**Student:** 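This is the structure I want to talk about, given as C-alpha coordinates.
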Amino acid sequence: MVSIGVIQARAQSRTIVVDAGHGGVDRGGVPGQRVGEKQLTLDVAQRLRSVLEDRGYSVVMTRDNDEFISLGTRVAIANAHPDATFVSVHFNSASRRGANGIETYYYRSDSARLAANIHRHVVAGAPTENRGIRRRAYYVLRRTSIPGVLVECGFLTNPYEASYAVSASYRQKLAEEIARGIQRVPPPRIRPLAASSTVSTEVLSQPLLGPDFVRAIPASRRSSKSSKSSRSSSSSSRKKKSSSSKSTKKSSSSSKKKTSSED
Ligand SMILES: [Zn+2]
(Lines give C-alpha, C1' and ligand atoms only; values in the text may rest on other atoms or scores of the structure.)
Protein backbone atom coordinates (compact mmCIF):
# COMPACT_ATOMS: atom_id res chain seq x y z
CA MET A 1 0.00 0.00 0.00
CA VAL A 2 1.20 3.47 -0.80
CA SER A 3 0.11 6.39 1.29
CA ILE A 4 -1.78 9.27 -0.27
CA GLY A 5 1.20 11.49 0.44
CA VAL A 6 3.48 9.30 -1.61
CA ILE A 7 1.01 9.20 -4.46
CA GLN A 8 0.79 12.97 -4.49
CA ALA A 9 4.53 13.36 -4.33
CA ARG A 10 4.92 11.01 -7.28
CA ALA A 11 2.27 12.91 -9.17
CA GLN A 12 4.54 15.95 -9.15
CA SER A 13 7.14 14.12 -11.21
CA ARG A 14 9.23 16.46 -13.31
CA THR A 15 10.61 13.77 -15.56
CA ILE A 16 8.36 12.28 -18.20
CA VAL A 17 9.21 9.18 -20.19
CA VAL A 18 7.45 9.73 -23.50
CA ASP A 19 6.80 6.54 -25.43
CA ALA A 20 5.98 6.76 -29.13
CA GLY A 21 4.06 3.60 -29.93
CA HIS A 22 5.43 1.10 -32.46
CA GLY A 23 8.31 1.90 -34.87
CA GLY A 24 10.52 0.17 -37.42
CA VAL A 25 9.04 -3.11 -38.58
CA ASP A 26 6.18 -2.65 -36.15
CA ARG A 27 3.94 -0.28 -38.05
CA GLY A 28 1.04 -0.43 -35.61
CA GLY A 29 -2.57 -0.45 -36.65
CA VAL A 30 -4.24 -3.14 -38.71
CA PRO A 31 -3.09 -4.64 -42.04
CA GLY A 32 -3.91 -2.47 -45.01
CA GLN A 33 -4.48 0.63 -42.92
CA ARG A 34 -4.08 3.68 -45.16
CA VAL A 35 -2.76 6.12 -42.59
CA GLY A 36 0.12 4.50 -40.73
CA GLU A 37 0.40 4.71 -36.97
CA LYS A 38 4.11 4.58 -36.15
CA GLN A 39 5.07 7.89 -37.73
CA LEU A 40 2.15 9.75 -36.18
CA THR A 41 2.87 8.46 -32.69
CA LEU A 42 6.48 9.58 -33.09
CA ASP A 43 5.44 13.00 -34.28
CA VAL A 44 3.03 13.54 -31.40
CA ALA A 45 5.66 12.23 -28.96
CA GLN A 46 8.26 14.65 -30.29
CA ARG A 47 5.82 17.51 -30.11
CA LEU A 48 4.93 16.47 -26.57
CA ARG A 49 8.61 16.51 -25.67
CA SER A 50 8.96 20.08 -26.95
CA VAL A 51 5.90 21.28 -25.08
CA LEU A 52 6.98 19.59 -21.85
CA GLU A 53 10.56 20.85 -22.08
CA ASP A 54 9.25 24.37 -22.63
CA ARG A 55 7.35 23.95 -19.38
CA GLY A 56 10.41 22.83 -17.46
CA TYR A 57 10.05 19.06 -17.55
CA SER A 58 12.86 16.80 -18.46
CA VAL A 59 11.85 14.27 -21.06
CA VAL A 60 13.19 10.83 -21.89
CA MET A 61 12.08 9.33 -25.20
CA THR A 62 11.81 5.57 -25.65
CA ARG A 63 12.41 6.17 -29.34
CA ASP A 64 13.26 9.28 -31.33
CA ASN A 65 13.24 7.89 -34.83
CA ASP A 66 11.65 5.12 -36.87
CA GLU A 67 13.15 2.12 -35.11
CA PHE A 68 11.76 -0.98 -33.51
CA ILE A 69 11.97 -0.89 -29.72
CA SER A 70 10.64 -3.94 -27.90
CA LEU A 71 8.07 -3.45 -25.19
CA GLY A 72 10.61 -4.87 -22.73
CA THR A 73 13.11 -2.18 -23.66
CA ARG A 74 10.47 0.52 -23.37
CA VAL A 75 9.68 -0.70 -19.87
CA ALA A 76 13.39 -0.87 -18.98
CA ILE A 77 13.85 2.73 -20.11
CA ALA A 78 10.91 3.82 -17.98
CA ASN A 79 12.04 1.86 -14.96
CA ALA A 80 15.51 3.41 -15.16
CA HIS A 81 13.81 6.66 -14.11
CA PRO A 82 12.11 5.82 -10.83
CA ASP A 83 10.85 9.36 -10.24
CA ALA A 84 9.38 9.73 -13.69
CA THR A 85 5.92 9.32 -15.17
CA PHE A 86 5.41 7.20 -18.27
CA VAL A 87 3.16 8.43 -21.08
CA SER A 88 2.64 6.24 -24.13
CA VAL A 89 1.18 7.74 -27.31
CA HIS A 90 -0.83 5.61 -29.73
CA PHE A 91 -3.48 5.93 -32.38
CA ASN A 92 -6.26 3.41 -32.59
CA SER A 93 -7.50 1.17 -35.37
CA ALA A 94 -10.43 -1.11 -35.95
CA SER A 95 -11.86 -3.29 -38.66
CA ARG A 96 -15.03 -1.23 -38.44
CA ARG A 97 -14.47 2.11 -40.17
CA GLY A 98 -17.02 3.83 -38.01
CA ALA A 99 -15.14 3.17 -34.76
CA ASN A 100 -13.98 6.51 -33.44
CA GLY A 101 -13.00 8.43 -30.37
CA ILE A 102 -10.37 8.86 -27.70
CA GLU A 103 -9.51 6.19 -25.14
CA THR A 104 -7.06 6.49 -22.28
CA TYR A 105 -5.64 3.54 -20.39
CA TYR A 106 -3.93 3.07 -17.08
CA TYR A 107 -3.11 0.07 -14.93
CA ARG A 108 -1.57 1.15 -11.65
CA SER A 109 -4.01 2.71 -9.23
CA ASP A 110 -1.63 5.64 -8.73
CA SER A 111 -2.11 6.45 -12.41
CA ALA A 112 -5.89 6.75 -12.46
CA ARG A 113 -6.07 10.45 -11.77
CA LEU A 114 -3.39 11.21 -14.28
CA ALA A 115 -5.25 9.12 -16.85
CA ALA A 116 -8.44 11.02 -16.10
CA ASN A 117 -6.78 14.38 -16.38
CA ILE A 118 -5.00 13.61 -19.63
CA HIS A 119 -8.14 12.03 -21.04
CA ARG A 120 -10.36 14.96 -20.25
CA HIS A 121 -7.98 17.42 -21.84
CA VAL A 122 -7.47 15.35 -24.97
CA VAL A 123 -11.18 14.71 -25.40
CA ALA A 124 -11.92 18.39 -24.91
CA GLY A 125 -9.47 19.25 -27.67
CA ALA A 126 -10.56 16.54 -30.09
CA PRO A 127 -13.53 16.72 -32.44
CA THR A 128 -14.58 13.19 -31.66
CA GLU A 129 -16.14 10.80 -29.21
CA ASN A 130 -15.19 10.16 -25.62
CA ARG A 131 -14.63 6.43 -25.37
CA GLY A 132 -13.69 6.58 -21.75
CA ILE A 133 -10.85 5.78 -19.41
CA ARG A 134 -10.07 2.11 -19.15
CA ARG A 135 -7.99 0.07 -16.81
CA ARG A 136 -6.05 -2.49 -18.82
CA ALA A 137 -2.88 -4.45 -18.20
CA TYR A 138 -1.06 -3.53 -21.36
CA TYR A 139 2.51 -4.67 -21.10
CA VAL A 140 4.00 -1.20 -20.87
CA LEU A 141 1.54 -0.23 -18.14
CA ARG A 142 1.75 -3.50 -16.22
CA ARG A 143 5.52 -3.84 -16.21
CA THR A 144 6.48 -0.25 -15.54
CA SER A 145 7.29 0.50 -11.92
CA ILE A 146 6.31 4.16 -12.28
CA PRO A 147 2.89 5.73 -12.90
CA GLY A 148 1.88 5.29 -16.49
CA VAL A 149 -0.83 6.20 -18.96
CA LEU A 150 -1.43 5.16 -22.56
CA VAL A 151 -3.41 7.52 -24.77
CA GLU A 152 -5.16 6.35 -27.93
CA CYS A 153 -5.44 9.61 -29.85
CA GLY A 154 -8.22 8.57 -32.24
CA PHE A 155 -8.85 5.93 -34.92
CA LEU A 156 -6.71 6.09 -38.04
CA THR A 157 -9.12 3.64 -39.65
CA ASN A 158 -11.87 6.22 -39.32
CA PRO A 159 -11.63 8.56 -42.33
CA TYR A 160 -12.73 11.60 -40.35
CA GLU A 161 -10.31 11.05 -37.49
CA ALA A 162 -7.50 10.11 -39.84
CA SER A 163 -7.99 13.39 -41.70
CA TYR A 164 -7.35 15.20 -38.44
CA ALA A 165 -4.44 13.01 -37.43
CA VAL A 166 -2.50 13.76 -40.59
CA SER A 167 -2.66 17.48 -39.86
CA ALA A 168 0.38 18.86 -38.04
CA SER A 169 -1.68 21.48 -36.25
CA TYR A 170 -3.98 18.80 -34.84
CA ARG A 171 -1.03 16.71 -33.67
CA GLN A 172 0.35 19.80 -31.99
CA LYS A 173 -3.02 20.24 -30.29
CA LEU A 174 -2.92 16.63 -29.10
CA ALA A 175 0.56 17.16 -27.66
CA GLU A 176 -0.53 20.31 -25.87
CA GLU A 177 -3.61 18.66 -24.41
CA ILE A 178 -1.60 15.66 -23.17
CA ALA A 179 0.89 18.08 -21.64
CA ARG A 180 -1.91 19.95 -19.86
CA GLY A 181 -3.06 16.66 -18.45
CA ILE A 182 0.44 15.86 -17.23
CA GLN A 183 0.66 19.31 -15.67
CA ARG A 184 -2.60 18.67 -13.83
CA VAL A 185 -4.24 21.74 -15.29
CA PRO A 186 -7.91 21.44 -14.23
CA PRO A 187 -9.67 19.99 -17.26
CA PRO A 188 -12.72 21.52 -18.88
CA ARG A 189 -16.09 19.85 -18.53
CA ILE A 190 -15.94 16.64 -20.45
CA ARG A 191 -18.50 15.64 -23.05
CA PRO A 192 -20.63 12.63 -22.19
CA LEU A 193 -19.38 9.16 -22.85
CA ALA A 194 -20.16 7.80 -26.30
CA ALA A 195 -23.41 5.89 -26.27
CA SER A 196 -21.69 2.81 -27.72
CA SER A 197 -19.00 2.76 -25.05
CA THR A 198 -19.19 0.10 -22.37
CA VAL A 199 -16.90 1.82 -19.90
CA SER A 200 -17.13 4.72 -17.53
CA THR A 201 -15.10 7.89 -17.50
CA GLU A 202 -15.86 8.58 -13.91
CA VAL A 203 -15.05 5.43 -11.98
CA LEU A 204 -11.36 5.64 -11.41
CA SER A 205 -10.59 2.37 -9.71
CA GLN A 206 -12.18 0.03 -12.18
CA PRO A 207 -11.61 -3.66 -11.74
CA LEU A 208 -9.44 -5.33 -14.32
CA LEU A 209 -11.53 -6.59 -17.16
CA GLY A 210 -9.96 -9.95 -17.92
CA PRO A 211 -6.80 -12.01 -17.58
CA ASP A 212 -4.83 -10.33 -20.31
CA PHE A 213 -7.26 -7.59 -21.06
CA VAL A 214 -7.58 -8.23 -24.74
CA ARG A 215 -11.34 -8.34 -24.50
CA ALA A 216 -13.68 -7.14 -21.85
CA ILE A 217 -15.67 -10.34 -22.15
CA PRO A 218 -15.14 -13.51 -24.20
CA ALA A 219 -16.34 -13.18 -27.78
CA SER A 220 -18.89 -15.95 -27.36
CA ARG A 221 -20.59 -14.07 -24.57
CA ARG A 222 -20.74 -10.74 -26.30
CA SER A 223 -24.15 -9.65 -27.37
CA SER A 224 -24.52 -8.08 -30.78
CA LYS A 225 -25.36 -4.87 -28.98
CA SER A 226 -21.99 -4.56 -27.27
CA SER A 227 -19.87 -6.05 -30.01
CA LYS A 228 -19.26 -2.77 -31.79
CA SER A 229 -17.14 -1.15 -29.18
CA SER A 230 -15.55 -4.37 -27.94
CA ARG A 231 -14.39 -5.26 -31.39
CA SER A 232 -12.60 -2.04 -31.97
CA SER A 233 -10.91 -2.03 -28.60
CA SER A 234 -9.85 -5.63 -28.96
CA SER A 235 -8.15 -4.82 -32.20
CA SER A 236 -6.17 -2.09 -30.52
CA SER A 237 -5.16 -4.54 -27.82
CA ARG A 238 -4.09 -7.06 -30.34
CA LYS A 239 -1.74 -4.76 -32.13
CA LYS A 240 -0.04 -3.80 -28.91
CA LYS A 241 0.45 -7.35 -27.90
CA SER A 242 1.79 -8.38 -31.26
CA SER A 243 4.31 -5.60 -31.29
CA SER A 244 6.42 -7.54 -28.84
CA SER A 245 5.64 -11.18 -29.02
CA LYS A 246 8.91 -11.98 -27.27
CA SER A 247 8.22 -9.99 -24.15
CA THR A 248 4.53 -10.79 -24.11
CA LYS A 249 5.21 -14.49 -24.27
CA LYS A 250 7.44 -14.31 -21.26
CA SER A 251 4.64 -12.86 -19.19
CA SER A 252 1.92 -15.14 -20.46
CA SER A 253 0.88 -17.69 -17.92
CA SER A 254 -1.32 -20.61 -18.83
CA SER A 255 -4.33 -18.70 -17.62
CA LYS A 256 -3.65 -16.10 -20.28
CA LYS A 257 -3.32 -18.51 -23.17
CA LYS A 258 -6.92 -18.07 -24.13
CA THR A 259 -6.53 -14.40 -24.89
CA SER A 260 -3.10 -14.86 -26.43
CA SER A 261 -4.74 -16.59 -29.34
CA GLU A 262 -5.60 -13.07 -30.46
CA ASP A 263 -1.98 -12.60 -31.55
ZN1 LIG B 1 -0.65 1.59 -31.22
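In each ligand, atom 1 is the first atom listed, and ligand 1 is the first ligand listed. Just so it is clear, the structure is predicted and the values come from calculations on it, not from any experiment. When reading the values below, keep in mind they use all heavy atoms of this one structure, side chains included, and skip hydrogens, waters and symmetry mates.
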**Student:** Relative to the Zn ion (ligand 1), which of the N, O or S atoms in Glu37 is the closest?
**Tutor:**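 This turns out to be OE2.
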**Student:** Would you say Glu152 has an N, O or S atom lying under 2.8 Å from the Zn ion (ligand 1)?
**Tutor:**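 No N, O or S atom of Glu152 is closer than 2.8 Å to the Zn ion (ligand 1), so no.
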**Student:** Which pairs count as salt bridge (charged side-chain N to carboxylate O under 4.0 Å, His left out) when at least one residue sits in residues 50-61, sequence neighbours excluded?
**Tutor:**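 Counting only pairs at least two positions apart or across chains, no salt bridge (charged side-chain N to carboxylate O under 4.0 Å, His left out) contact touches residues 50-61.
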**Student:** If you look at every heavy atom in Ala162 and Leu156, which pair is closest and at what distance?
**Tutor:**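 Shortest heavy-atom separation between Ala162 and Leu156 comes out as CB-O, 3.4 Å.
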**Student:** Between Arg135 and Tyr107, is NZ or CZ placed under 6.0 angstrom from the six-membered ring centre and within 45° of the ring axis?
**Tutor:**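 Pair Arg135/Tyr107 counts as cation-pi.
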**Student:** Please identify each residue that fulfils side-chain hydrogen bond (donor to acceptor under 3.5 Å, both in side chains) with Glu177, with sequence neighbours left out.
**Tutor:**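 Partners of Glu177 by the side-chain hydrogen bond (donor to acceptor under 3.5 Å, both in side chains) criterion, ordered by chain and then number, come out as Lys173, Arg180.
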**Student:** Please name the atom of His22, limited to N, O or S, that comes nearest to the Zn ion (ligand 1).
**Tutor:**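 His22's closest N, O or S atom to the Zn ion (ligand 1) is named NE2.
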**Student:** Can you name the N, O or S atom of His90 that is closest to the Zn ion (ligand 1)?
**Tutor:**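 Considering only N, O and S atoms, His90 comes nearest to the Zn ion (ligand 1) through ND1.
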